Colleague: 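The structure that follows is given in the form of structure tokens.
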Amino acid sequence: MYFEYLRNRDLISLNRRGKMGAICLVVGACGVIGAPSAALSAEAIGLAAPISSGGDPVQANNNAAAAPSVVYDQPSLPSTTVAMPEMGWTERPEVVPEALADAIDIVTEKDPSALAAWSQARAANAGVRSARWQKFPSVDLNANISSGARTILPTATVDLPLWSGGRLSASLKRAKRLEEAAVAAWQDAVLQLSLQITDFYYQAVLNMRLEELYRLSLVEHSRLVQTMERRVAQEVSPAADLALARSREAQIKQDMMIITAQRDTALQNLAELIRDPNFRLGDVPDYQDGALLNQWQGVEEEVNAYNPTRRRLAFEAEAAQEEIALNRSLLFPQVSAQYTYNEISGSRVGIGVRMQTSNGLSRFSDIEAARSRYNASISELRLFERQLDQNIANEIIAHSAATMRSEVSLLAANSAGQVSSSYMRQFIAGRRSWLDVMNSLREHLAAQSGLVQAQVTAMATDVRLNLQSGRWRPTILSREGEQQ
């Protein structure tokens with residue numbers, strides 16, 4: 001189960017040892033009505049069918065059977081006050097380096113954005129509990145002190161809703177949808193942090209591997225400069241060849257400085273996110289052909305079912321739909337059972353009818369405004385679905401292209417290395433010019449750089465697709481340390 005928490009099944013007690021006992025005696029029916037649970041509703045535990053692309057949003061729940069087969073459950077929120085739940089992850093794919101997995105685990109538990117999103121989810125959970133309490137009686141107690149007789153004149157009113165035109169149920173449904181949207185927003189914060197740390201990690205890996213290539217190339221260029229210095233001193237080669245060698249060596253140094261700066265920037269970004277002085281980046285991962293043979297064609301369905309942002313927008317649209325029903329219910333009166341007590345009339349029990357109207361026809365304007373917000377939320381959802389499909393298609397294309405390019409770049413790099421060695425031997429034999437040697441060395445470095453970039457891109461996009469599709473996703477650890 002995705003983000004499955006331990007559910008707190010303890011009911012909120014109404015008997016407060018002398019404080020609520022008198023109220024229960026007055027109402028006489030508190031024992032019949034069960035107190036609302038502090039745990040999440042069933043709709044929040046199992047992922048409600050979000051609004052699917054191209055369908056009727058009103059019929060979303062009726063079309064649950066037609067939803068994608070890959071469905072991830074919503075977590076239930078614990079009632080205890082905690083900063084963040086103890087998170088774990090599903091089995092790490094082979095393509096994910098251990099250091100990257102450790103970094104993601106650290107960041108998604110400690111980053112302020114995840115903490116803030118979790119606090120919003122807990123606030124939304126409290127909103128659901130508050131909406132449940134609206135079905136329970138309200139108590140109004142007053143005590144007036146008479147100046148003449150110097151006596152206390154108590155008055156008490158207990159109001160128990162019987163019928164509200166659907167106001168209470170619409171309010172509860174809306175609160176549940178907002179809760180589910182807040183939980184999805186928290187999940188999205190975790191996903192975005194995971195993608196961000198993945199990008200920084202592979203930026204560091206790319207620049208580390210490029211730095212190593214340029215360091216080796218710089219050693220080779222320095223050796224050739226020394227060789228040419230001896231040839232010029234012996235008047236075997238012209239001074240122009242020495243100037244060319246020194247120029248190419250300076251270019252390699254300049255490029256290497258840029259790569260080193262980019263590497264330091266990526267490492268600094270990682271350090272800012274992780275904020276753990278004991279964290280070690282580990283060895284630079286090697287590219288493995290067999291590990292990246294995973295075919296990502298058709299993964300769009302998994303991404304759409306899992307993507308937290310899409311689910312958040314779908315739940316917000318459903319909450320906007322419930323807001324329409326809530327505003328409509330305000331057009332009807334509320335019927336409630338009442339108990340009143342005062343010094344003059346004593347105790348009375350009856351049925352009360354209350355209807356509150358706003359100025360003019362503002363209630364109808366509120367309904368129209370709620371309907372417009374619902375239409376806007378549906379349009380926003382459709383727009384995001386289109387953008388999501390485009391982004392995932394780009395990720396798949398980039399991964400496929402990088403995988404194929406790595407195979408071609410490997411052949412090109414090996415061939416360029418052989419050509420460079422051959423040109424050096426032919427130069428010594430007088431069959432090639434010094435410019436040919438320098439150009440072949442540059443081509444060899446360019447081919448090696450292209451190979452490294454293709455391999456790192458393939459590894460990075462593979463990890464990103466694992467995260468975005470939910471194949472590698474966070475879980476919640478129970479008290480025994482087991483994944484839920």
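These numbers come from a predicted model, not from an experiment. Just the heavy atoms: all of them, side chains too, but no hydrogens, waters or symmetry mates, feed the values below.
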Colleague: Looking only at heavy atoms, what is the nearest atom pair of Leu213 and Leu445, with distance?
Modeller: O-CD1, 4.1 Å
Colleague: Within a strict 4.5 Å, meaning less than it, do heavy atoms of the Tyr202 and Leu100 side chains meet?
Modeller: yes
Colleague: Charged N to carboxylate O below 4.0 Å: is that the case for Arg177 and Glu322?
Modeller: no
Colleague: Is the closest side-chain donor-acceptor distance between Asp199 and Asn269 under 3.5 Å?
Modeller: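 No, because no side-chain N or O of Asp199 sits under 3.5 Å from a partner of the opposite role on Asn269.
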Colleague: Within a strict 4.5 Å, meaning less than it, do heavy atoms of the Leu242 and Ser237 side chains meet?
Modeller: no
Colleague: Which heavy atom in Ala189 sits nearest to a heavy atom in Ser113, and how many Å separate them?
Modeller: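 Closest approach of Ala189 to Ser113, heavy atoms only: CB-O, 4.2 Å.
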Colleague: Would you say Asn307's side chain and Val303's backbone share a donor-acceptor pair under 3.5 angstrom?
Modeller: no
Colleague: Please confirm whether the backbone N or O of Arg473 pairs with a side-chain atom of Thr90, one donor and one acceptor, at under 3.5 Å?
Modeller: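 Yes, Thr90 side chain to Arg473 backbone: donor-acceptor pair under 3.5 Å.
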Colleague: Quick one: does any side-chain atom of Thr108 pair with a main-chain N or O of Ile104 as donor and acceptor, under 3.5 Å?
Modeller: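 Looks like yes, one N/O pair under 3.5 Å.
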Colleague: For Tyr374, is there any backbone N or O sitting under 3.5 Å from a side-chain donor or acceptor partner on Ser377?
Modeller: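 Yes, because the side chain of Ser377 sits within donor-acceptor range (under 3.5 Å) of the backbone of Tyr374.
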Colleague: State, yes or no, whether a side-chain contact exists between Arg432 and Arg425 at a heavy-atom distance under 4.5 Å.
Modeller: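 Of all side-chain heavy-atom pairs linking Arg425 with Arg432, none is under 4.5 Å.
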Colleague: Could you tell me the separation between the CD1 atom of Ile197 and the CG atom of Leu270, rounded to the nearest 0.5 Å?
Modeller: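 If I round to the nearest 0.5 Å, the distance is 4.5 Å.
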Colleague: Any ion pair linking Glu316 and Arg312 (charged N to carboxylate O, less than 4.0 Å)?
Modeller: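 Judged by the 4.0 Å cut-off on N to carboxylate O distance, Arg312 and Glu316 do form a salt bridge.
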Colleague: How far apart are the closest heavy atoms of Ile259 and Glu211, and which atoms are they?
Modeller: CG2-N, 3.8 Å
Colleague: Do any N or O atoms from the side chain of His221 and from the backbone of Ser217 form a donor-acceptor pair under 3.5 angstrom?
Modeller: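 Yes: the side chain of His221 pairs with the backbone of Ser217.
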Colleague: Report yes or no: do Asn439 and Arg248 form a side-chain donor-acceptor pair below 3.5 Å?
Modeller: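 Yes, side-chain donor-acceptor contact under 3.5 Å.
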Colleague: Are Arg209 and Glu212 close enough, and set up right, to give a salt bridge (charged side-chain N to carboxylate O under 4.0 Å, His left out), and what steps lead you there?
Modeller: CA-CA 5 Å; Arg209 295 186 62 179; Glu212 178 65 18; over 6 Å; no
Colleague: Looking only at the side chains, is there a donor atom on one of Glu272 and Gln268 sitting less than 3.5 Å from an acceptor on the other?
Modeller: yes
Colleague: Contact between Ser449 and Leu210 at the side-chain level, heavy atoms closer than 4.5 Å - yes or no?
Modeller: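 Heavy-atom side-chain distance check passes, below 4.5 Å.
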Colleague: Do Ser400 side-chain atoms and Ile397 backbone N/O form a donor-acceptor pair below 3.5 Å?
Modeller: no
Colleague: Report yes if the side chains of Thr457 and Thr403 come closer than 4.5 Å at any heavy-atom pair, otherwise no.
Modeller: no
Colleague: State, yes or no, whether a side-chain contact exists between Ile378 and Arg373 at a heavy-atom distance under 4.5 Å.
Modeller: no
Colleague: For residues Ala131 and Ser171, report the shortest heavy-atom separation together with the two atoms involved.
Modeller: CB-O, 4.1 Å
Colleague: Whether the Ser222 and Glu249 side chains hold a donor-acceptor pair (N or O, under 3.5 Å, no angle test) is what I'd like checked.
Modeller: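 Looking only at side-chain atoms, Glu249 and Ser222 do form a donor-acceptor pair, the distance falling under 3.5 Å.
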Colleague: Do Tyr306 and Ser469 have side-chain N/O donor and acceptor atoms under 3.5 Å apart?
Modeller: no
Colleague: Are the charged groups of Glu229 and Arg246 less than 4.0 angstrom apart, N to O?
Modeller: yes
Colleague: Would Ile106 and Leu273 count as a side chain to side chain contact (heavy atoms under 4.5 Å, CB included) here? Give the steps.
Modeller: CA-CA 9 Å; Ile106 294 172; Leu273 281 176; over 6 Å; no
Colleague: Start with the C-alpha gap between Arg275 and Lys110, add the side-chain angles, then the distance that decides, and say whether side chain to side chain contact (heavy atoms under 4.5 Å, CB included) holds.
Modeller: CA-CA 9 Å; Arg275 296 183 181 180; Lys110 298 181 179 180; over 6 Å; no
Colleague: Please tell me if the side chains of Trp296 and Asp462 come closer than 4.5 Å, counting only heavy atoms from C-beta onward.
Modeller: yes
Colleague: When you measure from the side chain of Asp111 to the backbone N and O of Val107, does any donor-acceptor pair fall under 3.5 Å?
Modeller: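 No, the answer is negative, given that no donor and acceptor are paired below the 3.5 Å cut-off.
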Colleague: Is any side-chain heavy atom of Glu300 closer than 4.5 Å to a side-chain heavy atom of Ile396?
Modeller: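 Result yes, sub-4.5 Å side-chain heavy-atom pair found.
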Colleague: Under a 3.5 Å distance rule, please check whether Glu235 uses its side chain to pair with a backbone N or O of Arg231 as donor and acceptor.
Modeller: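 Side chain of Glu235 to backbone of Arg231, a donor-acceptor pair under 3.5 Å: no, none is there.
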Colleague: For Ser372 and Asn375, which I'm curious about, is there any donor-acceptor pair between the side chains at under 3.5 Å?
Modeller: no
Colleague: Will you find, in the side chains of Gln321 and Arg174, an N or O donor that is under 3.5 Å from an N or O acceptor?
Modeller: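 Distance-only check fails for Gln321 and Arg174.
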Colleague: At what distance, to the nearest 0.5 angstrom, does CG of Asp188 lie from OG1 of Thr309?
Modeller: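 The OG1 atom of Thr309 is 3.0 Å from CG of Asp188, to the nearest 0.5 Å.
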Colleague: What's the shortest heavy-atom distance between Leu467 and Leu191, and which atoms?
Modeller: O-CD1, 3.6 Å
Colleague: So does Gln251 have more than 12 non-hydrogen atoms from other groups sitting under 6.0 Å from CD?
Modeller: yes
Colleague: Will you find, in the side chains of Gln455 and Arg405, an N or O donor that is under 3.5 Å from an N or O acceptor?
Modeller: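 On atom types as modelled, these side chains do not qualify, holding no pair under 3.5 Å.
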Colleague: Between Ser421 and Gln418 (side chain of the first, backbone of the second, donor and acceptor by atom type, cut-off under 3.5 Å), is there such a pair?
Modeller: no
Colleague: Just by distance, do the side chain of Trp186 and the backbone of Ala121 share a donor-acceptor pair under 3.5 Å?
Modeller: no
Colleague: Within a reach of under 6.0 Å around CD of Gln390, are more than 12 heavy atoms found that belong to other residues, nucleotides or ligands?
Modeller: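 Yes, the 6.0 Å shell around CD holds more than 12 heavy atoms from other groups.
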Colleague: Would you name the heavy atoms of Ala175 and Val128 that are closest together and state the gap between them?
Modeller: O-CG2, 3.3 Å
